[in-house]
Trainee: 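There's a structure below that I have some questions on.
Below, each value reflects all heavy atoms present in this structure, side chains not excepted, and no hydrogens, waters or symmetry copies. Each chain gets a letter, A, B and so on, in the order the sequences are listed, and its residues count up from 1. These figures come from a predicted structure and were not determined experimentally.
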Amino acid sequence: MPWRKTKDAYSIWVSEVMLQQTQVSVVIPYYERWMTRFPSVGSLASASEEEVLQLWQGLGYYRRAKSLLSGAQYVLERGMPSDISGWRKVPGIGAYSAGAIASIAQELPVALVDGNVERVYARLLGDDSVGPKLTKAAWGWAEANICSEHPGDWNQGLMELGATVCTPKDPKCSGCPLQLECKGFLRGLVSELPAPSPKELVRDLTITFLILHHGGSLFFSRAKQGQWWSGMLVLPTPEDVPVAGWTEDLGRFVFRVTNNRVKAEVKLIRLETAPQGFEEVPLERLQDVPIPAPHRKALKLLQRI
DNA sequence: AATTCGGGGGC
DNA sequence: GCCCCAGAATT
């Protein structure tokens, strides 16, 4: 992992934010591009949100990118935090990320709990708690077992154990250094732990994406605050386009936004004149503009025509 | 404590 | 399909 080659706090910070709810293999190319374009806090702090979102495109949870930008501005003004409570005040940095940056980059003796550590804890201690209770118990355990000599290595080792040995499915107990002190293993409960939290109900809904085409350009809306992908360019919906004229059905597909299963219907509208109140993007500039993945998928239906 | 934030990987 | 991912902010 490229962020392992450095102890620069900003680099670790960027990597940890990208890694929130995102797999290592997905993050690596984004991280490389990001560090090339924004090698320092100062270079990020002076960037536009547009460009930040463009580099983030495809990673999801776009709030993280906006927080990272405002966090850089915050740190540029007030200086790099030097303890965990300082990191907790930085936008976009919660308990896990603060612990990760402080212990890995600054070698401060602090704990950290992510999904990996939580799973290792639940099995090692045989704790069948669920949800927030389990998380809280894992924090208590992690804080009681901080390695004050090498806190960063310890924390990364714990996470790596969870990622490579104590995996969610098919854990490699026979190769685990903790096998003989693991209560979950000794009791034959490894496959039952951590206890699954109750499933969230999935909502089904349908939206229509309209592709407004005129004169070699497409016309987008800007997602408002409180809407999905707020601040980004998104395809208009019928509410945005009162008078539709005739539409051409381009197809449909399904995507998910956390616990929503969304059926998207895509329609093309060829306009005689440029519409008012939309942002125009020439077809050849589509690559340079941040657009959420589902909208980009909808645009692909256009290429078949 | 529960919800809301994307998107992709792996099986 | 389904589960999970080196979570955080908001209510």
Trainee: Taking CG from A:Asp170 and C1' from B:dC11, how many angstroms apart are they, rounded to a whole number?
Mentor: 11 Å

Trainee: Identify whether NZ of Lys or CZ of Arg in A:Arg63 sits under 6.0 Å from the centre of the six-membered ring of A:Tyr61 and within 45° of that ring's axis.
Mentor: no

Trainee: Tell me the interatomic distance from A:Lys136, atom NZ, to C:dG7, atom P, rounded to whole angstroms.
Mentor: 20 Å

Trainee: Counting just side-chain N and O atoms, does A:Gln21 come under 4.0 Å of either OP1 or OP2 of C:dC5?
Mentor: no

Trainee: Taking only side-chain N and O atoms of A:Trp87, does any of them lie within less than 4.0 angstrom of OP1 or OP2 on C:dA8?
Mentor: no

Trainee: Would you classify A:Met1 as touching base, sugar-phosphate or nothing, given that sugar-phosphate means primed atoms plus P, OP1 and OP2, and contacts are heavy atoms under 4.0 Å?
Mentor: base

Trainee: Ion pair present between A:Arg64 and A:Glu16, side-chain N to carboxylate O less than 4.0 angstrom?
Mentor: no

Trainee: Could A:Asp204 and A:Arg261 be called an ion pair, given the rule that one side-chain N must be under 4.0 Å from one carboxylate O?
Mentor: yes

Trainee: Which nucleotide in the set B:dG7, C:dC3, B:dG6 lies at the smallest distance from any side-chain heavy atom of A:Thr258?
Mentor: B:dG6

Trainee: Which nucleotide, C:dC5, B:dG7, B:dG8, lies nearest any side-chain atom of A:Arg119?
Mentor: C:dC5

Trainee: Touch check for A:Arg203, heavy atoms < 4.0 angstrom, all strands: base, sugar-phosphate only, or nothing?
Mentor: sugar-phosphate

Trainee: When you measure only distances, ignoring hydrogens and angles, does the side chain of A:Thr22 come within 3.5 Å of the base of B:dG6 through a donor and an acceptor?
Mentor: yes

Trainee: Any base atoms under 4.0 Å from A:Ala163, or only sugar-phosphate, or nothing? Heavy atoms, all strands.
Mentor: nothing

Trainee: Specify the separation, in whole Å, of atom NZ of A:Lys199 and atom C1' of B:dT3.
Mentor: 19 Å

Trainee: Could you measure between the two C1' atoms, the one in C:dC4 and the one in B:dG6, and give it in whole Å?
Mentor: 14 Å

Trainee: Looking across every strand, which nucleic acid part, if any, lies under 4.0 Å from A:Phe255 by heavy atom: base, sugar-phosphate, or nothing?
Mentor: nothing

Trainee: Looking at every strand, decide which applies to A:Ile93 at a 4.0 Å heavy-atom threshold: base, sugar-phosphate, or nothing.
Mentor: sugar-phosphate

Trainee: Could you work out which one of B:dG6, C:dA6, B:dG10 sits closest to the side chain of A:Val257?
Mentor: B:dG6

Trainee: Would you indicate which nucleotide in C:dA8, B:dG9, B:dG7 comes nearest to any side-chain atom of A:Tyr96?
Mentor: C:dA8

Trainee: Counting any heavy atom closer than 4.0 Å, what does A:Asn259 reach on the DNA or RNA strands: base, sugar-phosphate only, or nothing?
Mentor: sugar-phosphate

Trainee: In terms of ring plane angle, is the pair A:Trp13 and A:Trp87 parallel, tilted or perpendicular, where the classes change at 30° and 60°?
Mentor: perpendicular

Trainee: At under 4.0 Å, does any side-chain N or O of A:Arg63 touch on OP1 or OP2 of B:dG6?
Mentor: no

Trainee: Assign each of A:Lys169 and A:Gln20 to its nearest nucleotide of DNA chain C by heavy atoms, then name whichever residue's nucleotide is nearer the 5' end.
Mentor: A:Lys169

Trainee: Parallel under 30°, tilted from 30 to 60°, perpendicular over 60°: which one fits the rings of A:Phe255 and A:Phe209?
Mentor: parallel

Trainee: Quote, to the nearest angstrom, the C1' distance that separates C:dC5 from B:dC5.
Mentor: 15 Å

Trainee: On DNA chain C, check which nucleotide each of A:Val24 and A:Gly92 is closest to and give me the residue with the more 5' one.
Mentor: A:Val24

Trainee: Looking for any heavy atom pair under 4.0 Å, which part of the strands does A:Pro91 touch: base, sugar-phosphate only, or nothing?
Mentor: sugar-phosphate

Trainee: By nearest atom, which of the nucleotides C:dA6, B:dA1, B:dC5 is closest to the A:Tyr61 side chain?
Mentor: B:dC5

Trainee: Side chain of A:Leu19 only, please: which of C:dA6, C:dG7, C:dC5 is the nearest?
Mentor: C:dA6

Trainee: Given the rule that I, L, V, M, F, W and Y join up when any side-chain heavy atoms are under 4.5 Å apart, are A:Leu108 and A:Val113 in one cluster?
Mentor: no

Trainee: Checking contacts here: which listed nucleotide (B:dG7, B:dG6, C:dC4) is nearest the side-chain heavy atoms of A:Ala293?
Mentor: B:dG7

Trainee: Using a 4.0 Å heavy-atom cut-off across all strands, classify A:Ser67 as base, sugar-phosphate, or nothing.
Mentor: nothing

Trainee: Within this structure, what is the CG-to-P distance between A:Leu201 and C:dC2, rounded to whole angstrom?
Mentor: 14 Å

Trainee: Can the ring centres of A:Trp56 and A:Tyr30 be said to be less than 6.0 Å apart?
Mentor: no

Trainee: Only pairs with both distances under 3.5 Å count, Watson-Crick or wobble alike; so what is the partner of B:dG6 in this structure?
Mentor: none

